[in-house]
Amino acid sequence: MSAPVGNPFTITVNGAEVEAKPGETVLEAAGRAGVEIPTLCHDDRLDPMGSCRMCLVEVTGQRRMQPACAWKATPGQTVVTESERIERHRKLLLELYLADHAPPGPDAIGPRNQVLELAQACGAERRLPSVAAPREMRVDANPYIEFDADQCILCARCVRYCDEVEAVSAITLGGRGSHTTIATAGQVGLLDTTCELCGGCIDTCPTGAMREKKPGLLQEAQVTKTRSTCNFCGVGCQLDLNVVDDKVVRVTSPPPGETLNDGNLCIKGRFAYDFIHHPERLTTPLVRGSDGNLREASWEEALQAAAKGLLGVKERHGADALGFISSSRCTGEENYLVQKLARAAFGTNNCHQCAAT
Amino acid sequence: MLPKGAQRERILPVLEDVTHHGRITPAALDEVRRATGVPAADVHGVASFYTLLGGEPRTRVCQGLTCKLAGSDALLASFEARGEPVQAVSCLGQCDRAPAALDPELEVVAERPRGAVTPDDPELAMNLAGAETTDYLALKRSRDLGAEDVLDALDASGLQGRGGAGFPAGRKWRAVREQAVTERYVVCNADEAEPGTFKDREVMLRRPHLLLEGIAIAAEVAGAADAYIYIRGEFTAERRSVEAALAAAGDVFGDLRIHFVSGHGAYICGEETALLESMEGKRGMPRLKPPYPTEQGFRGKPTLMNNVETLACVPGIVLRGGAWFKALGTTDAGTKLYCLSGHVVNPGVYELPLGVTLEALVAAAGGYVGTPIAFSPGGASAGYLPISKRDVPLDFKHLAEAGSMLGSAGVVVLNDTVDMAEAVQHQAVFFEDESCGQCAPCRIGTRVLRRALATYLTSGDPSALDPVRDVAWEMEEGSICGLGIAAPLPLTTALTHFPSAFAARPGRDA
């Protein structure tokens, strides 16, 4: 979609003048001015749905409150984001969500749940009896992603992410009314769908209903995050290694908008981290001795051994007896260095990259 | 290759071809995916939204208020006793012949013939009892007049949309005509499903040519080459009637193409933007407004959508003038099809001046049965009024002032044999079943209300109803569309007008 053109204009938010650009929503304009409007179904990467109703604000001339995430700012518009009416709305809405939400157990630790956080912030309590919505549950044998329908608020961020960002459409809103849930075609497991197990549904879920199977129920406070670069391919996605007690227990993406992968990861980047603490992982170079056994060596020693062997081949059979194949896990820079090594150091054009076929 | 959107529009017809109205298997979903290019998950999501799709062949017994009063529970039980597959479903629009059911082929099974209509009177705007004419004089006259004169007549007529909202028809038509985009559509909303309402049914069965003529005039004024009639899936006879009329009309419509789209079982699709979603092969979840359908409707193009009755009023206005139509009403313009059922002698569709009182309406229908205590003036969405309001004009303005609404003018009368709390429970069940589930205030709110009422009826303890006012407030303020706004009304209006019906009482278990 091309960005609308035109000059910025001002709108009034809570009595203060705020600059807005053509095509911008009230949420965007207010957000840039530091006015926080709570949201649940909003994700910058997705088209606004306006279904969670969390971001309703008062707009002059509108009898009903309007969703800031979808409402376009127009010149001279006056918006109120804090009022008695809005406060009452937020509290009652959250109490409805709580009535539709399994309460956490006494020792529960889980992923971040923005409904519970907002409920606390807005003073919403579990006043209403549980509505015990009759949702169809789905058994899913895939190793990575699980879905807890009783934590789901049906904001459809996962469904829209799967469609709008990944173009995979493995999941859908299924059923109707209080039966509505996140479904697959015929309610089969994700392995039998078009799902690529990228886990983006987990990343965008505001309540932890879509969550990772592997680390169990982690509490955010235990985790320290270390920014790193994914080394499964050359794209260079940034990822945050989630560490507890010096162990990587989960990999998440930096927030959308911060890095080139814009909050997205693939199945490898997000889930294939078992090798980090695997007992068979190689942590030092190994050099095979004359007795045929591998032994630990320093990098210096290992590189010398490799160079000696390669130069030996060149001496005996000529440079074109050598061939250099680099991995698709290498970056562009690393691939450059491999061909430089082949051509400049060994004098052969026999170089290839395994993804270059 | 058709564009993706056009393929999506095909998924439900293709699914019906694949499943023959039977069970929807993963293999069937995959077949639809291959035929249309729409992801299988999306097909599942859409199919699981609609109640007429999937499952084994079965009889569907109406759970509308009038059918409930007339003993639909016993009807349901009789099917179960015989071991025949049966399902309780939302109002089937057969309130004048309650209790009603649909057989597995979606044909109506009812104890009685359809109810009364107003006697033949050529002075009525639609005159359902009159002889159907096929000369299409109004269409010809509209071509002679030109679009601007038709619009002027429509404005002068004061015709307000008969689907429930009462929006001035002339303004809506003009809004579409003034759009810069030239690809435009006309949609006739024949998804009549408001409980207690069966007027569009009678128009389609008795005066299909009148409807087609109204659609054709609308298309000429709006500049649309295609018009769609979206008929609720339960109305099989009605679709046949309009299809037959279209075939009989010959080439009177010129280049206009008139298409039929069947609903698949979802009350919410009567809401205009949900209807558009449904036409586009999606789950019938209402869109955020703006943009309005007049700007971005079907396929994102300007769309003129009117109710069946609204369109059926148009030929008379074109032929006899706006002033003539306006003078037919009392407090508001024109005549109105009132659907009357419940505790009255002759249920049926009565075309009376807009603004008639309940008293006059019931008099036309032979009087009350028993001692009336309450009435619902405009379908479930209008809530309940006490019988003391029997002299309030049944129009848009006065009913709104009374805390109710004209809506679709599905008037249901209740007498003193009715437990108001039970009557409210039927509507609460309806709204929970028919909420689309998109927004939390409606999806969760309807369920909270239904369960609060059930708890009250079981325990007899009125404290179960304590949360009702807050939840109703939030549903009205927070819901996306009118369903969520209207859903609490049966309960809140009954609490206001019939407080004694919700006092402490012996529980059902006691």
Side-chain angles (χ1 to χ4, degrees), chain A residues 40 48-54 56 64-67 70-72 85-86 88-89 91-97 99-100 127-134 136 153-156 159 162-163 167-181 183-188 192-195, chain B residues 24-30 32-33 38-51 265-266 268 283-285 287-290 431-448 450-452 455 464 466-467 470-471 473-480 484-485:
Chain A
L40 286 168
M49 187 171 179
S51 66
C52 76
R53 314 310 279 167
M54 201 61 233
L56 295 190
R64 306 196 71 214
M65 292 183 281
Q66 298 293 340
W71 193 264
K72 297 279 188 222
R85 182 187 184 194
I86 294 170
R88 184 179 183 203
H89 153 69
K91 186 162 173 274
L92 290 172
L93 175 67
L94 286 160
E95 289 187 347
L96 284 173
Y97 275 125
D100 191 35
R127 261 185 336 125
L128 299 170
S130 164
V131 298
E136 190 181 23
I153 56 163
L154 296 166
C155 66
V159 172
C162 196
D163 174 23
V168 164
S169 295
I171 49 177
T172 176
L173 283 173
R176 185 172 83 196
S178 52
H179 293 262
T180 312
T181 189
T184 61
Q187 290 290 51
V188 296
D192 296 319
T193 69
T194 51
C195 177
Chain B
I24 298 170
T25 60
L29 294 169
D30 202 53
V32 178
R33 176 190 66 76
V38 174
D42 289 10
V43 180
H44 173 98
V46 175
S48 62
F49 187 87
Y50 298 98
T51 53
I268 188 59
R283 296 164 58 80
M285 304 194 303
R287 300 173 182 172
L288 300 177
K289 292 190 269 194
F431 282 117
E432 194 208 333
D433 286 352
E434 296 299 337
S435 167
C436 82
Q438 178 178 207
C439 71
C442 177
R443 180 183 74 245
I444 307 171
T446 52
R447 191 158 171 89
V448 169
R450 175 184 182 164
R451 286 168 68 87
T455 305
D466 286 350
D470 273 350
V471 171
W473 183 89
E474 173 55 21
M475 290 171 74
E476 193 194 335
E477 290 279 11
S479 296
I480 290 177
I485 297 171

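Being a predicted model, the structure only gives us computed values, none of them experimental. Throughout, protein chains are lettered first and strands after them, A, B, ... in sequence-line order, and every chain is numbered starting at 1.
Residue with the most contacts toward chain B among A:D192, A:T180, A:L92: A:L92 (heavy-atom pairs, distance under 4.5 Å). Looking only at heavy-atom pairs under 4.5 Å with chain B, the residue among A:M49, A:Q66, A:H179 that has the most is A:M49. The most heavy-atom pairs under 4.5 Å with chain A, out of B:C436, B:A40, B:P26, come from B:C436. The candidate from A:E95, A:R85, A:M65, A:K72 with the greatest count of non-hydrogen atom pairs under 4.5 Å with chain B is A:R85. For the options B:C439, B:A27, B:A452, heavy-atom pairs under 4.5 Å to chain A are most numerous at B:C439. Ranked by heavy-atom pairs under 4.5 Å with chain A, the first of B:L29, B:D470, B:T455 is B:D470. Per-residue heavy-atom pair counts under 4.5 Å with chain B were compared for A:A133, A:P129, A:P48, and the maximum is reached by A:A133. Counting heavy-atom pairs closer than 4.5 Å to chain B, the top-ranked of the candidates A:A170, A:P134, A:C162 is A:P134.
Neither the backbone nor the side chain of B:V43 has a heavy atom closer than 4.5 Å to any heavy atom of chain A. Heavy atoms of A:A156 lying under 4.5 Å from chain B are absent altogether. No part of A:T193 comes within reach of chain B, as not one of its non-hydrogen atoms sits under 4.5 angstrom from that chain. Heavy atoms of B:T446 lying under 4.5 Å from chain A are absent altogether. For A:L56, the part lying near chain B is the side chain, with the backbone staying farther off; criterion is any non-hydrogen pair under 4.5 Å. For B:I480, the parts lying near chain A are the backbone and the side chain together; criterion is any non-hydrogen pair under 4.5 Å. Looking at B:A266, both its backbone and its side chain come within 4.5 Å of chain A, counting heavy atoms on both sides. Only the side chain of A:L128 comes within less than 4.5 Å of a heavy atom in chain B; its backbone stays farther off. For B:I268, no part lies near chain A; criterion is any non-hydrogen pair under 4.5 Å. With a 4.5 Å cut-off on non-hydrogen atoms, A:S169 touches chain B through its backbone and its side chain both.
Between B:D433 and A:R176, no side-chain nitrogen of the basic residue sits less than 4.0 Å from a carboxylate oxygen of the acidic one, so the salt-bridge criterion is not met.
The shortest non-hydrogen separation linking A:I153 to B:R443 is O-NH2, 3.2 Å.
Panel note: side chain B:R283, backbone B:Q438; no donor-acceptor pair is recorded below 3.5 Å.
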Evaluate B:E477 against A:R88 for side chain to side chain contact (heavy atoms under 4.5 Å, CB included), listing each step before the verdict.
CA-CA 10 Å; B:E477 290 279 11; A:R88 184 179 183 203; over 6 Å; no
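Remark: A:L173 CG to B:M285 CE distance equals 5.0 Å, nearest 0.5 Å.
Side-chain contact between B:R447 and A:D100 is absent, with no heavy atoms from C-beta onward closer than 4.5 Å.
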